[in-house]
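A short worksheet on the structure shown next.
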Amino acid sequence: MPMPMPMPMPMPMPMPPPPSRARSVLGRAAGRAAFVLAAAAAAGCGPADECAPVGARCDGHVAETCSFQWDNELDGHTTLSREDCGDRHCRTPPPGAPGRAFCALDRAPDPRSPAELRDRAEVLGCVDGALTTWRYGYRTAAAACPADRTCVDAQAPGFDPACVGTAFCSPLPAADPLCDGHRGTACADEATIVYCACNYREDAHACASPGPRCVEEPAPGTDLVVGVCRPD
(Lines give C-alpha, C1' and ligand atoms only; values in the text may rest on other atoms or scores of the structure.)
Protein backbone atom coordinates (compact mmCIF):
# COMPACT_ATOMS: atom_id res chain seq x y z
CA MET A 1 0.00 0.00 0.00
CA PRO A 2 1.56 3.29 -0.95
CA MET A 3 2.64 5.55 1.86
CA PRO A 4 0.64 8.84 2.17
CA MET A 5 2.50 11.97 1.14
CA PRO A 6 3.28 14.31 4.08
CA MET A 7 1.32 17.55 4.13
CA PRO A 8 3.47 20.69 3.61
CA MET A 9 3.88 22.81 6.74
CA PRO A 10 2.40 26.32 6.45
CA MET A 11 4.94 29.15 6.43
CA PRO A 12 4.76 31.25 9.60
CA MET A 13 3.30 34.72 9.07
CA PRO A 14 5.48 37.61 10.23
CA MET A 15 4.19 39.11 13.42
CA PRO A 16 3.42 42.85 13.41
CA PRO A 17 5.57 44.90 15.75
CA PRO A 18 4.01 45.54 19.13
CA PRO A 19 2.24 48.88 19.39
CA SER A 20 4.82 50.14 21.82
CA ARG A 21 7.72 49.68 19.39
CA ALA A 22 6.91 52.79 17.37
CA ARG A 23 6.75 54.76 20.54
CA SER A 24 10.03 53.33 21.76
CA VAL A 25 11.70 54.21 18.43
CA LEU A 26 10.42 57.78 18.73
CA GLY A 27 11.55 57.89 22.33
CA ARG A 28 15.06 56.77 21.36
CA ALA A 29 15.14 59.38 18.57
CA ALA A 30 14.08 62.10 20.97
CA GLY A 31 16.70 60.93 23.44
CA ARG A 32 19.41 61.05 20.77
CA ALA A 33 18.29 64.55 19.75
CA ALA A 34 18.46 65.74 23.35
CA PHE A 35 21.89 64.15 23.71
CA VAL A 36 23.11 65.89 20.54
CA LEU A 37 21.81 69.25 21.79
CA ALA A 38 23.42 68.73 25.15
CA ALA A 39 26.69 67.67 23.54
CA ALA A 40 26.60 70.69 21.24
CA ALA A 41 26.03 72.98 24.20
CA ALA A 42 28.82 71.34 26.14
CA ALA A 43 31.11 71.67 23.15
CA GLY A 44 30.43 75.39 23.03
CA CYS A 45 28.63 75.50 19.69
CA GLY A 46 26.58 78.55 20.75
CA PRO A 47 27.88 82.11 20.97
CA ALA A 48 30.82 82.54 23.30
CA ASP A 49 30.51 84.35 26.61
CA GLU A 50 31.45 88.01 26.35
CA CYS A 51 31.91 88.65 30.06
CA ALA A 52 31.82 87.29 33.59
CA PRO A 53 30.42 87.50 36.16
CA VAL A 54 26.85 88.67 35.48
CA GLY A 55 26.23 92.10 37.02
CA ALA A 56 26.78 95.84 36.74
CA ARG A 57 30.11 97.56 37.23
CA CYS A 58 32.13 100.64 36.33
CA ASP A 59 35.34 100.59 34.33
CA GLY A 60 36.47 104.12 35.06
CA HIS A 61 33.89 106.34 33.35
CA VAL A 62 32.46 103.44 31.34
CA ALA A 63 29.26 101.80 32.58
CA GLU A 64 29.38 98.05 31.96
CA THR A 65 26.60 95.51 32.37
CA CYS A 66 27.13 91.77 31.94
CA SER A 67 23.82 90.02 31.20
CA PHE A 68 22.86 86.39 30.58
CA GLN A 69 20.92 85.53 27.43
CA TRP A 70 19.36 82.13 26.72
CA ASP A 71 20.22 80.57 23.34
CA ASN A 72 17.94 77.53 23.74
CA GLU A 73 16.33 75.48 26.50
CA LEU A 74 19.69 74.08 27.56
CA ASP A 75 22.28 76.79 27.32
CA GLY A 76 22.99 80.47 26.87
CA HIS A 77 25.76 82.99 26.92
CA THR A 78 26.64 86.33 28.49
CA THR A 79 26.59 89.65 26.63
CA LEU A 80 28.43 92.83 27.56
CA SER A 81 27.00 96.31 27.08
CA ARG A 82 29.14 99.41 27.59
CA GLU A 83 28.25 103.10 27.79
CA ASP A 84 30.93 105.78 27.92
CA CYS A 85 29.76 108.34 30.47
CA GLY A 86 32.14 111.02 29.23
CA ASP A 87 32.00 113.91 31.72
CA ARG A 88 29.25 112.18 33.71
CA HIS A 89 29.78 109.67 36.50
CA CYS A 90 29.39 105.90 36.28
CA ARG A 91 27.23 104.43 39.04
CA THR A 92 25.74 101.00 39.79
CA PRO A 93 22.51 99.91 41.53
CA PRO A 94 22.69 99.41 45.30
CA PRO A 95 23.76 95.92 46.48
CA GLY A 96 20.97 93.44 45.84
CA ALA A 97 19.06 95.78 43.52
CA PRO A 98 18.56 94.74 39.88
CA GLY A 99 19.46 96.90 36.93
CA ARG A 100 22.22 98.12 34.70
CA ALA A 101 25.19 100.36 35.37
CA PHE A 102 24.30 103.93 34.44
CA CYS A 103 25.66 107.43 33.94
CA ALA A 104 24.75 110.04 36.57
CA LEU A 105 24.95 113.80 36.22
CA ASP A 106 26.44 114.19 39.69
CA ARG A 107 29.08 112.37 41.70
CA ALA A 108 26.79 111.97 44.73
CA PRO A 109 23.07 111.26 45.14
CA ASP A 110 20.87 114.31 44.61
CA PRO A 111 19.47 115.55 47.95
CA ARG A 112 16.40 116.82 46.07
CA SER A 113 15.37 113.32 44.98
CA PRO A 114 12.44 111.95 47.02
CA ALA A 115 14.08 110.12 49.92
CA GLU A 116 11.35 107.46 50.10
CA LEU A 117 11.87 106.57 46.41
CA ARG A 118 15.65 106.22 46.29
CA ASP A 119 15.37 102.43 46.01
CA ARG A 120 13.67 102.76 42.60
CA ALA A 121 15.33 102.42 39.21
CA GLU A 122 13.43 105.41 37.78
CA VAL A 123 11.67 108.35 39.44
CA LEU A 124 10.54 111.58 37.78
CA GLY A 125 9.97 114.96 39.41
CA CYS A 126 10.20 118.71 38.88
CA VAL A 127 13.23 120.70 40.05
CA ASP A 128 13.08 124.46 39.45
CA GLY A 129 10.66 123.84 36.60
CA ALA A 130 12.88 121.23 34.91
CA LEU A 131 11.65 117.68 34.31
CA THR A 132 14.19 115.56 36.21
CA THR A 133 14.87 111.84 36.22
CA TRP A 134 16.57 110.01 39.10
CA ARG A 135 17.89 106.49 39.29
CA TYR A 136 18.49 105.17 42.78
CA GLY A 137 18.69 108.76 43.99
CA TYR A 138 21.14 109.94 41.31
CA ARG A 139 20.15 112.49 38.68
CA THR A 140 20.38 110.95 35.21
CA ALA A 141 18.52 113.59 33.16
CA ALA A 142 17.15 117.11 33.54
CA ALA A 143 15.51 119.26 30.87
CA ALA A 144 13.38 122.39 30.92
CA CYS A 145 9.84 122.04 29.64
CA PRO A 146 8.93 123.89 26.44
CA ALA A 147 7.86 127.49 26.96
CA ASP A 148 4.17 126.65 26.53
CA ARG A 149 4.24 123.81 29.10
CA THR A 150 4.62 123.47 32.87
CA CYS A 151 6.38 120.71 34.80
CA VAL A 152 3.92 119.03 37.19
CA ASP A 153 4.51 116.36 39.82
CA ALA A 154 3.28 115.34 43.27
CA GLN A 155 3.89 118.91 44.53
CA ALA A 156 1.46 120.44 42.02
CA PRO A 157 -2.01 121.36 43.38
CA GLY A 158 -4.57 118.69 42.59
CA PHE A 159 -1.96 116.16 41.37
CA ASP A 160 -3.26 112.63 41.98
CA PRO A 161 -1.39 111.27 45.06
CA ALA A 162 -1.57 107.79 43.55
CA CYS A 163 0.87 108.95 40.83
CA VAL A 164 4.01 108.21 42.85
CA GLY A 165 7.32 109.07 41.19
CA THR A 166 5.61 110.54 38.12
CA ALA A 167 6.07 113.92 36.45
CA PHE A 168 5.57 115.40 32.99
CA CYS A 169 5.29 118.66 31.07
CA SER A 170 1.63 119.70 30.94
CA PRO A 171 0.12 122.16 28.45
CA LEU A 172 -1.98 123.55 31.34
CA PRO A 173 -0.49 125.03 34.53
CA ALA A 174 -3.30 123.65 36.71
CA ALA A 175 -5.31 120.47 37.06
CA ASP A 176 -7.73 119.98 34.18
CA PRO A 177 -11.40 119.47 35.18
CA LEU A 178 -11.71 117.12 32.19
CA CYS A 179 -9.04 114.91 33.76
CA ASP A 180 -10.30 115.01 37.35
CA GLY A 181 -10.26 111.40 38.48
CA HIS A 182 -9.86 110.35 34.84
CA ARG A 183 -6.90 108.46 33.44
CA GLY A 184 -6.83 107.95 29.71
CA THR A 185 -8.51 110.10 27.08
CA ALA A 186 -11.42 112.54 26.97
CA CYS A 187 -12.96 114.94 24.48
CA ALA A 188 -12.36 118.66 25.01
CA ASP A 189 -14.86 119.39 22.24
CA GLU A 190 -16.29 117.69 19.17
CA ALA A 191 -12.94 117.68 17.39
CA THR A 192 -10.22 117.64 20.10
CA ILE A 193 -8.99 114.62 22.05
CA VAL A 194 -7.25 115.10 25.40
CA TYR A 195 -4.78 112.73 27.08
CA CYS A 196 -5.09 112.73 30.88
CA ALA A 197 -2.83 111.55 33.70
CA CYS A 198 -2.82 112.25 37.42
CA ASN A 199 -5.69 114.81 37.07
CA TYR A 200 -3.62 116.88 34.62
CA ARG A 201 -3.59 117.18 30.86
CA GLU A 202 -0.62 115.45 29.24
CA ASP A 203 -1.43 116.36 25.64
CA ALA A 204 -4.24 117.28 23.27
CA HIS A 205 -4.68 117.43 19.50
CA ALA A 206 -7.36 117.69 16.84
CA CYS A 207 -8.75 114.38 15.62
CA ALA A 208 -7.35 113.81 12.15
CA SER A 209 -6.64 110.18 11.31
CA PRO A 210 -9.15 108.82 12.15
CA GLY A 211 -11.37 111.82 12.55
CA PRO A 212 -12.59 114.48 12.46
CA ARG A 213 -14.98 113.77 15.37
CA CYS A 214 -14.07 113.12 19.02
CA VAL A 215 -16.65 110.99 20.81
CA GLU A 216 -16.71 109.40 24.26
CA GLU A 217 -17.45 105.69 24.41
CA PRO A 218 -17.37 102.90 27.02
CA ALA A 219 -14.02 101.12 27.06
CA PRO A 220 -14.59 97.42 26.25
CA GLY A 221 -14.47 95.19 29.30
CA THR A 222 -14.37 98.09 31.79
CA ASP A 223 -16.70 100.62 33.36
CA LEU A 224 -14.57 103.50 32.00
CA VAL A 225 -15.60 106.05 29.38
CA VAL A 226 -12.82 107.17 27.04
CA GLY A 227 -12.47 109.68 24.22
CA VAL A 228 -11.84 108.30 20.74
CA CYS A 229 -11.48 109.83 17.30
CA ARG A 230 -14.04 108.62 14.76
CA PRO A 231 -14.78 109.43 11.12
CA ASP A 232 -18.02 111.17 10.19
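Keep in mind the model is a prediction, meaning the values are calculated, not measured.
Inter-residue side-chain proximity for Thr65 and Leu80 is flagged as unmet; no heavy-atom pair is nearer than 4.5 Å. No side-chain heavy atom of Asp189 sits under 4.5 Å from any side-chain heavy atom of Cys187. Asp110 places none of its side-chain heavy atoms less than 4.5 Å from the side chain of Arg118. Side chains of Ser67 and Val54 form no contact here, defined as non-hydrogen atoms less than 4.5 Å apart. No side-chain heavy atom of Ser81 sits under 4.5 Å from any side-chain heavy atom of Glu50. Residues Asp232 and Pro212 meet the side-chain proximity criterion, which asks for heavy atoms closer than 4.5 Å. Between Pro47 and Asp71 the shortest side-chain heavy-atom distance falls below 4.5 Å. Residues Val152 and Phe168 are in side-chain contact: their nearest non-hydrogen atoms beyond the backbone lie under 4.5 Å apart.
What you find for Thr150 and Cys145 is that their closest heavy atoms are C-SG, 4.1 Å. In this structure, Asp49 and Gly76 approach most closely via the heavy-atom pair OD1-O, 4.2 Å. Ala63 and Ala101 make their closest contact through CB-CB, 3.7 Å (heavy atoms, listed as atom of the first residue, atom of the second, distance). Here the closest non-hydrogen pair linking Ala204 and Val194 is CB-CG2, 4.0 Å.
Note on Val226: it clusters hydrophobically with Val215, by side-chain heavy-atom contacts below 4.5 Å among ILVMFWY residues. Cluster annotation: Leu224 and Tyr200 are assigned to distinct hydrophobic clusters (Ile/Leu/Val/Met/Phe/Trp/Tyr, side-chain heavy-atom contacts under 4.5 Å, transitive).
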Practice task
Step by step, work out the side-chain contact (heavy atoms from CB on, under 4.5 Å) result for Arg213 and Val228.
Solution key: CA-CA 8 Å; Arg213 293 187 305 115; Val228 293; over 6 Å; no

Problem - side-chain contact (heavy atoms from CB on, under 4.5 Å) assessment of Cys51 paired with Thr79 - result: CA-CA 6 Å; Cys51 54; Thr79 60; 5.9 Å; no

Exercise for the section: Could you give me the CA-CA distance, side-chain angles and deciding distance for Thr140 and Leu105, then say whether side-chain contact (heavy atoms from CB on, under 4.5 Å) is met? Expected result: CA-CA 5 Å; Thr140 57; Leu105 298 179; 5.7 Å; no

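The backbone N or O of Pro171 sits nowhere less than 3.5 Å from a side-chain atom of Arg201 that would complete a donor-acceptor pair. In this structure, the side chain of Thr132 engages the main chain of Ala130 through a donor-acceptor pair within 3.5 Å. A distance-only check finds a donor-acceptor pair linking the side chain of Asn72 to the backbone of Leu74 [under 3.5 Å]. Under a 3.5 Å cut-off, the side chain of Thr133 and the backbone N or O of Leu124 do not form any donor-acceptor pair. Using modelled atom types, no side-chain atom of Asp106 and backbone atom of Ala108 make a donor-acceptor pair closer than 3.5 Å. Using modelled atom types, no side-chain atom of Asp59 and backbone atom of Val62 make a donor-acceptor pair closer than 3.5 Å. Between the Thr78 side chain and the Cys66 main chain, no donor and acceptor come within less than 3.5 Å of each other. No donor-acceptor pair under 3.5 Å is formed between the side chain of Thr92 and the backbone N or O of Ala56.
Cys151 pairs with Cys126 as a disulfide, the SG atoms being under 2.5 Å apart. The SG atoms of Cys90 and Cys58 are placed within less than 2.5 angstrom of each other. Disulfide status for Cys103 with Cys85: present, SG atoms under 2.5 Å apart. Between Cys207 and Cys214 the SG-SG gap reaches or exceeds 2.5 angstrom.
With rounding to the nearest 0.5 angstrom, the CG atom of Asp180 is 5.0 Å from the CG atom of Asn199. Of the inter-residue distances, the one linking Thr166 atom OG1 with Glu122 atom CD reads 9.5 Å to the nearest 0.5 angstrom. How far OG of Ser170 is from CG of Asp148: 10.0 Å, rounded to the nearest 0.5 Å. Remark: Leu178 CG to Thr192 OG1 distance equals 10.5 Å, nearest 0.5 Å.
Within the 6.0 Å centre-distance limit, the rings of Tyr195 and His205 are counted as a close aromatic pair. Taking the six-membered ring where the residue is Trp, the centroids of Tyr136 and Trp134 are separated by 6.0 Å or more.
Using a cutoff of 4.0 Å between basic side-chain nitrogens and carboxylate oxygens, Asp203 and Arg149 are scored as salt-bridged. Ion pair Arg230/Glu217 flagged as a salt bridge, since at least one NZ, NE, NH1 or NH2 atom sits closer than 4.0 Å to an Asp/Glu carboxylate oxygen.
Among residues two or more places apart in sequence or in another chain, the side chain to side chain donor-acceptor pair (under 3.5 Å) test is passed with Asp87 by none.
A side-chain contact (heavy atoms from CB on, under 4.5 Å) with Glu83 holds for exactly one of Arg100, Glu64, Arg88; it is Arg88.
With a 6.0 Å radius and a threshold of 12 heavy atoms from other residues, nucleotides or ligands, Glu116 has its CD atom above the threshold. Atom CG of Asp128 sits in a sparse spot, with 12 or fewer heavy atoms from other residues, nucleotides or ligands closer than 6.0 Å.
In this structure, Arg91 fails the cation-pi test against Phe102, since its NZ or CZ atom is not both closer than 6.0 Å to the six-membered ring centre and inside 45 degrees of the ring normal.
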